[in-house]
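Structure record follows, encoded as C-alpha cells.
The structure presented is a predicted model; accordingly, all values stated were derived computationally and were not measured.
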Amino acid sequence: QVHLVESGGGSVQAGGSLRLSCEASGYSYGKNCIGWFRQAPGELREGVAAVNANDDSTVYTASVRGRFTISQDKSKNTVYLQMNSLQPEDTATYYCSARTSGTHYGPCDWNLFTAWGQGTLVSVSS
C-alpha cells in the first residue's frame, strides 16, 4: 500500500522560509515522479514542483521558479520542498504526490500523478 507522509507546514510572515518533507513507501520510489501540488481555498489544485527520482530531472510552475527548490534523498525515499521568499499568494494546502507504477524518463508531467498524501497547510501572512 502506498503511503505519502508530509510534514513541515506552518505559518510564516511574507519573505520567510519553510521546508516541506514527504516520506514515500509502498512502491518503487526510484523509478518515477514525485512532487508537490497545492490548493488554495476556492482554487483548483496546481502542480508546484516535481522531480523524477529516476534521473533527477525537475519541473516547477512558473510562479515558484527561483524561490522554491525540490530535492530528494533516495536513501530515505524522501522528497523535500524548500520554499524561500514566501508570499501570501503561496498560502495553500500542499500535497505530496507520486506516480507509483511503471518507469518514467525525463521531466515529469503534472497529469502522471496517482497517489496523494493527506496535505499540510502553509499559511503566509503579509
Do Met83 and Val122 make a side-chain contact, defined as non-hydrogen atoms from C-beta onward lying under 4.5 Å apart?
yes

Side-chain heavy atoms of Tyr60 within contact of Thr69, under 4.5 Å
yes

If I compare all heavy atoms of Ala14 with all of Ser126, which pair ends up nearest, and what's the gap?
CB-CA, 4.3 Å

Just wondering, do Ile70 and Val48 contact through their side chains at under 4.5 Å, heavy atoms?
no

What pairs of residues pass the ring-ring contact (aromatic ring centres under 6.0 Å, His included) test when at least one of them lies in residues 107-126, not counting sequence neighbours?
Phe37-Trp110, Phe37-Phe113, Phe37-Trp116

Looking at Pro107 and Val59, what are the two nearest heavy atoms and their distance?
CB-CG1, 3.6 Å

Where is the tightest heavy-atom contact between Val2 and Ala115, given as atom of each residue plus distance?
CG1-CB, 3.8 Å

Joint cluster assignment, Leu112 & Val79, ILVMFWY side-chain distance < 4.5 Å
no

Would you call Gln13 and Val124 a side-chain contact if the rule is heavy atoms closer than 4.5 Å?
no

Could you check whether Glu46 and Gln39, counting side-chain N and O atoms only, form a donor-acceptor pair closer than 3.5 Å?
no

Heavy atoms, side chains only, cut-off 4.5 Å: are Thr120 and Thr93 in contact?
no

Could you tell me whether the side chain of Asp56 reaches within less than 4.5 Å of the side chain of Lys74, counting heavy atoms only?
yes

Residue pairs involving residues 77-92 (criterion side chain to side chain donor-acceptor pair (under 3.5 Å); sequence neighbours excluded)
Ser17-Asn84, Arg38-Asp90, Arg67-Asp90, Gln82-Asn84

How long is the straight-line distance from CG of Leu4 back to OH of Tyr95, given to the nearest 0.5 Å?
13.0 Å

What's the separation between atom CH2 in Trp36 and atom CG in Leu81, rounded to the nearest 0.5 Å?
6.5 Å

For Gln118 and Val5, the nearest pair of non-hydrogen atoms, with its separation, is OE1-CA, 4.2 Å

Side-chain donor/acceptor pairs under 3.5 Å, residues 24-34, sequence neighbours excluded:
from	atom 1	to	atom 2	distance (Å)
Tyr29	OH	Gln72	OE1	2.8
Asn32	ND2	Ser101	O	2.7
Asn32	ND2	Gly102	O	3.0

Does Lys76 have more than 12 heavy atoms from other residues, nucleotides or ligands lying within 6.0 Å of its NZ?
no

Looking at CG of Asn52 and CZ of Arg99, how far apart are the two atoms once the value is rounded to the nearest 0.5 Å?
9.5 Å

Nearest-0.5 Å distance, SG of residue Cys108 to CG of residue Asp55
8.0 Å

